[in-house]
Amino acid sequence: MDHFNYHGGELCAEDVPLSRIAAAVGTPVYVYSAATLTRHFGLFRQALDWTDHLVCFAVKANSNLAVLKLMGDLGAGMDVVSGGEYARAKAAGVPGDRIVFSGVGKTVAEMRQAIEGGIRQFNIESEPEMRALSALAASMGATVPVAIRVNPDVDAKTHEKIATGKSENKFGIPIARAREVYAEAASLPGLRVVGVDVHIGSQLTDLEPYRAAYAKVAELTRALRADGHAITRLDLGGGLGIPYRRDNNAPPLPIEYGQVIRETVGDLGCEIEIEPGRNIVGNAGILLSEVIYLKQGEGRDFLIVDAAMNDLARPAMYGAHHDIVPVREPAVGAPVRPFDVVGPVCESGDTFQKGAHLPDMAAGDLIAFRSAGAYGAVMASEYNSRPLVPEVLVSGDHFAVIRARPTFEEMLARDSIPEWL
Ligand code: LLP
């Protein structure tokens with residue numbers, strides 16, 4: 001459930017008509033609903049209320065400072081994968097002891113930044129990284145809590161570009177070798193082994209891969225404890241999918257996911273960490289865009305809109321589907337017809353949807369791409385020198401620009417021409 005609904009003949013974000021935002025900020029623009037974010041975060045908390053837990057928002061899904069502040073104020077931890085994300089989490093007021101550092105290629109500079117600023121735990125993904133972290137921490141006179149990310153060789157049954165739990169993927173340490181790596185971790189200075197970490201992929205719509213992976217984590221935890229390690233935390237990753245199509249079967253709910261966690265690892269007495277991103281913010285955001293032209297093609301009509309693949313990359317990158325809806329509410333029973341909804345960028349890949357069923361549309365009409373709050377703005381670029389897409393946060397009947405659209409001057413000012421040219 002989200003808070004983007006028609007009221008008074010117009011699609012609104014909570015109580016704000018989207019046309020008001022378009023008039024004030026221009027299009028394209030991302031619009032997020034604070035109430036939806038709050039609600040989704042609460043669902044994960046509720047799903048784990050049977051145990052000690054920390055819901056660490058996956059910052060990569062949406063790293064706007066206002067979004068992070070909202071989540072942090074609700075009590076969320078943060079899962080970060082770069083020095084930049086760590087800096088954002090801190091700038092949003094999240095204390096270091098609620099920040100988990102994941103990622104396959106943490107640099108020494110990033111690890112130093114996190115040790116200096118405070119960190120809840122590093123999720124280690126390889127032996128070289130483990131040794132580098134140990135040497136760094138020891139040289140700083142620090143002892144840092146670590147979990148080791150294991151690769152359980154489980155098929156997440158999701159898009160190949162976002163599946164991470166098979167042995168052919170670059171992530172984690174093969175679970176079969178985990179005991180030997182934990183033994184080394186325990187022997188190294190500067191590290192304190194506290195947990196096991198796993199993340200098998202994103203946009204999972206089936207709970208069975210989770211069940212399989214978490215069962216393996218439970219078995220490993222028992223073995224590690226028998227080996228003498230004090231495993232007190234399990235980081236079970238993120239990845240729970242969202243409905244991208246309104247008319248489709250919805251993926252499992254957080255409460256059902258929490259039940260799988262309870263059934264698989266609940267008896268271990270560990271504190272549970274999870275790292276959801278998309279499920280919290282995906283359906284809390286839309287991309288608002290205006291129709292520039294209606295163009296008649298060979299046997300098809302193109303709706304050329306002012307958003308493009310640089311603003312929302314998922315369709316071009318993964319063939320992803322985002323429901324497209326008109327902002328003006330169509331009359332009941334109004335005829336719909338197919339449009340190819342495309343952006344202005346000079347590539348055929350800049351196609352959002354072929355044959356989207358929409359009522360009659362005209363230049364100047366507004367449309368919304370639904371489910372665009374996760375991996376939307378964060379993956380935007382300035383390709384074709386289209387200024388970075390702005391973001392707006394709505395709460396009740398008011399809204400604020402939380403990232404302004406850069407002017408051409410600001411965009412150009414980041415480049416410089418060497419004096420020898
Ligand atoms: N934890 C780790 C270690 C991750 O790698 C990810 C996502 C998450 C948590 C959060 O997963 P979520 O709950 O958001 O599914 N750009 C792609 C998605 C990439 C996901 C990468 N890792 C997309 O637009 O679908």
Side-chain angles (χ1 to χ4, degrees), residues 1-14 16-23 25-33 36 242-250 282-345 347-374 376-377 380 386 389 392 394:
M1 202 194 89
D2 60 48
H3 291 75
F4 296 94
N5 295 301
Y6 290 105
H7 300 297
E10 184 175 341
L11 191 63
C12 295
E14 303 189 22
V16 179
L18 290 175
S19 61
R20 230 174 87 199
I21 295 173
V25 188
T27 53
V29 57
Y30 279 94
V31 180
Y32 310 124
S33 151
T36 312
I242 60 168
Y244 274 102
R245 295 172 195 263
R246 284 215 136 181
D247 55 356
N248 242 21
N249 286 344
N283 281 326
I286 57 112
L287 173 61
L288 181 61
S289 175
E290 186 178 305
V291 175
I292 313 176
Y293 297 115
L294 187 60
K295 169 170 165 175
Q296 249 178 358
E298 191 79 35
R300 62 185 64 227
D301 286 340
F302 292 102
L303 209 57
I304 303 171
V305 301
D306 67 1
M309 62 189 286
N310 70 298
D311 305 306
L312 177 61
R314 304 192 67 260
M317 200 159 168
Y318 315 110
H321 171 94
H322 288 263
D323 276 353
I324 301 172
V325 294
V327 168
R328 195 172 352 99
E329 186 172 19
V332 181
V336 292
R337 61 191 177 93
F339 291 95
D340 285 6
V341 181
V342 301
V345 162
E347 311 195 10
S348 299
D350 188 23
T351 297
F352 289 113
Q353 210 183 113
K354 291 192 166 159
H357 281 87
L358 291 164
D360 235 349
M361 302 290 291
D365 284 349
L366 294 171
I367 59 164
F369 294 87
R370 299 188 62 98
S371 313
R386 295 165 46 85
V389 58
V392 160
V394 171

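- Nearest heavy atom pair, residue S33 against residue E14, reads OG-OE2, 2.7 Å.
- The backbone N or O of P338 sits nowhere less than 3.5 Å from a side-chain atom of H357 that would complete a donor-acceptor pair.
- In summary, of the residues considered (V392, V25, L287), a side-chain contact (heavy atoms from CB on, under 4.5 Å) with Y30 occurs for L287 alone.
- Of all heavy-atom pairs spanning A316 and G349, the tightest one is CB-O, 3.5 Å.
- Residues forming a side chain to side chain contact (heavy atoms under 4.5 Å, CB included) with A13 (at least two apart in sequence, or on another chain): F4, L18, V31, V394.
- Aromatic ring orientation, F352 versus F369: tilted (interplanar angle from 30° to 60°).
- Closest approach of P344 and I292 over heavy atoms only: CG-CD1, 4.2 Å.
- For the atom pair CG (D350) and CD1 (I304), the distance works out to 10.5 Å, reported to the nearest 0.5 Å.
- Closest approach of L11 to P326, counting heavy atoms only: CB-O, 4.5 Å.
- Counting only heavy atoms from C-beta outward, the side chains of P330 and V336 never approach each other to under 4.5 Å.
- For the atom pair CZ of R245 and OG of S371, the computed distance is 10.5 Å after rounding to the nearest 0.5 Å.
- In terms of modelled atom types and a separation under 3.5 Å, the side chain of S289 and the main chain of V305 share no donor-acceptor contact.
- In this structure the side chain of P315 never reaches within 4.5 angstrom of the side chain of T351, judged on heavy atoms.
- A salt bridge (Lys or Arg N to Asp or Glu O under 4.0 Å) check over residues 333-344, counting only residues at least two apart or in different chains, returns the pairs R300-D340, D301-R337, R337-D360.
- Shown here for L358 and F339, the closest heavy-atom pair between the two residues is O-CE1, 3.5 Å.
- Rounded to the nearest 0.5 angstrom, T36 OG1 and H3 NE2 are separated by 5.0 Å.
- For the salt bridge (Lys or Arg N to Asp or Glu O under 4.0 Å) condition, the pairs that include at least one residue of residues 307-336, sequence neighbours left out, are D311-R386, R328-D365.
- Side-chain contact check for Q353 versus H322: every heavy-atom pair is 4.5 Å or farther apart.
- A heavy-atom distance below 4.5 Å is not found between the side chains of K295 and V342.
- Inter-residue side-chain proximity for V325 and R246 is flagged as unmet; no heavy-atom pair is nearer than 4.5 Å.
- A donor-acceptor pair under 3.5 Å is absent between the side-chain atoms of T27 and the main chain of L288, judged by distance alone.
- Rounded to the nearest 0.5 angstrom, L303 CG and Y293 OH are separated by 13.0 Å.
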